[in-house]
Amino acid sequence: MTAPTSRPPLLVTRRGFLSLGVGAVAIAALASCTPAPAWVPPTGGAVDRTEKDRRSTGRVVTASLTAAAATLDLAGKPASTFSYGSIPGPVIRVRAGDTLQATVRNDLPFDTSVHWHGLALRNDMDGVPPLTQQPIAADDSFRYEFIAPDPGTHWFHPHVGAQLDSGLYGVVVVEDPNEPLRYDDEWVIVLDDWLDGVTATPDEVLEQLRKGMGDMGGMEDMFMRMGNMLMGANSDLLGGDAGDVYYPHYLINGKPAADPAQFTGTPGSRVRIRLINAGGDTAFRVALGGHRLTVTHTDGYPVDPVEVDSVLLGMGERYDVLVTLGDGVFPFIADAEGKRERGFALVRTGGGQAPAADVQITELGEGSQVATAELLAAASAVTLGRRDVDRTIALTLTGSMAAYDWGFNGRQFDMHDPLRDAHPLTAGERVRLTVTNDTDMWHPFHLHGHTYQHTGGGPRKDTSIVLPKQTLELEFDADNPGRWMAHCHNIYHGEAGMMTVLAYRQ
Ligand SMILES: [Cu+2]
């Protein structure tokens, strides 16, 4: 074992012990008296008891997913990729309290898993190998089975490597048996940045990014493509650098702007739109030309309704909006924030000429109002009750594009030793996370297994944009024992090491 010369070695040999002096002796003694905490395992007693206590309807919904090679049609040009049978994958619908039994068959040429993003489920079904399960090997299958406790718009994707940046993603809608919203129609709209099978594979992108950019000598401010990297993508909304990966396409429900997805409806009808950002490295600012949007939910949880022109979604975030449709043909735009490109679709309720894909709309223009988490307040039914914080965990987002050494608290995560730097929790605690972004770039912070509330009456969420130099204070109740990832949902940052674990002590 090697250790930095400036610090005493962790394993103190007799010789080292004698030569290091009193301070090192004290450290060594302390280390030997503090056994590694015994963590709650992902399966067994505590996890089973928590599942048993979940409100259950007794109804079982079955789903069958096959992850396999696929071809995506990009306006007539085929792209080789992987999918769950379609892009996006299926929309799985359950009611709150139902048990979802989803069999995943792996016809991919590599290991995979399925993570159920946003669901506070039992730990052994969270889909994070090797932390919560063994990976699903090629030609093997795995059955996920869990109670889906809370209503909301959620989604699923692999939690292995950069697979999420292929076509492997789908939607889970947990319906509210006592749905308070009134609407005539519902659209699920999944946004994605696309490169697989066109410019590179996600693995090739990661390999290139890992080399780092080094010192660009000021060149990083110029807007240009360099291989799979995009330089100079800038956004005031995101506090600077908007993203670093070049994507040749931005998709709405699997369709590029050149062959736009179409949504049809009736003038005057009210539509609930469930928006999901399944991208790898792109925030989307979403608007419907000629319409205002009423934000009702984020990350599945209700907020006090707010009317806005557009909504900003970081990777992994979901927003539900209500819109009352006008009469005509309208552009639905998902601006790739800071990247000077867009996803484009059409909403048709009547006759008329379809707008061009590059149409400018006031809803995305100067002075328009954008919904971000800061603007929102949790609906009273889902606020965390007032109580004292039992534990504060400081998570600092660290690293740089130059070195591509993204991490937490200066440490890069190692999936082979996932509990190495785990932050301990005890069941029953009110926990405050202070998430500080010490980097020059925004990050979408995501916590598994729990939905926190932004302090000061903010929204309940599981994925939050953290701007450069910003600190978010997030609180949650530790009521779901197990080992849970907290990570950046920029798939390349996460893979480079911007992940950590919150683990319940036995
Ligand atoms: Cu990040």
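Remember, it's 1-based here, ligands and their atoms both numbered in the order they're listed.
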> With sequence neighbours excluded, what pairs up with Asp107 under the side chain to side chain donor-acceptor pair (under 3.5 Å) test?
Replying inline: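 If we apply the side chain to side chain donor-acceptor pair (under 3.5 Å) test to Asp107, skipping adjacent residues, the hits are Arg105.
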Assess, by modelled atom type and distance only, whether the side chains of [X] and [Y] contain a donor and an acceptor separated by less than 3.5 Å.
X	Y	answer
Asp462	His448	no
Asp165	Tyr492	yes
His159	Thr112	no

> Who pairs with Thr500 by side-chain contact (heavy atoms from CB on, under 4.5 Å), at least two apart in sequence or on another chain?
Replying inline: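 Expected list: Leu395, Phe408, His423, Ala486.
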>> Going by the rule side-chain contact (heavy atoms from CB on, under 4.5 Å), which residues pair with Thr71 if we only count those two or more places apart in sequence or in a different chain?
In response: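 Residues passing side-chain contact (heavy atoms from CB on, under 4.5 Å) with Thr71: Pro78.
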> Which atoms of the protein, restricted to N, O or S, are nearer than 2.8 Å to the Cu ion (ligand 1)?
Replying inline: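 Short answer, with waters excluded from the count: His443 ND1, Cys488 SG, His493 ND1.
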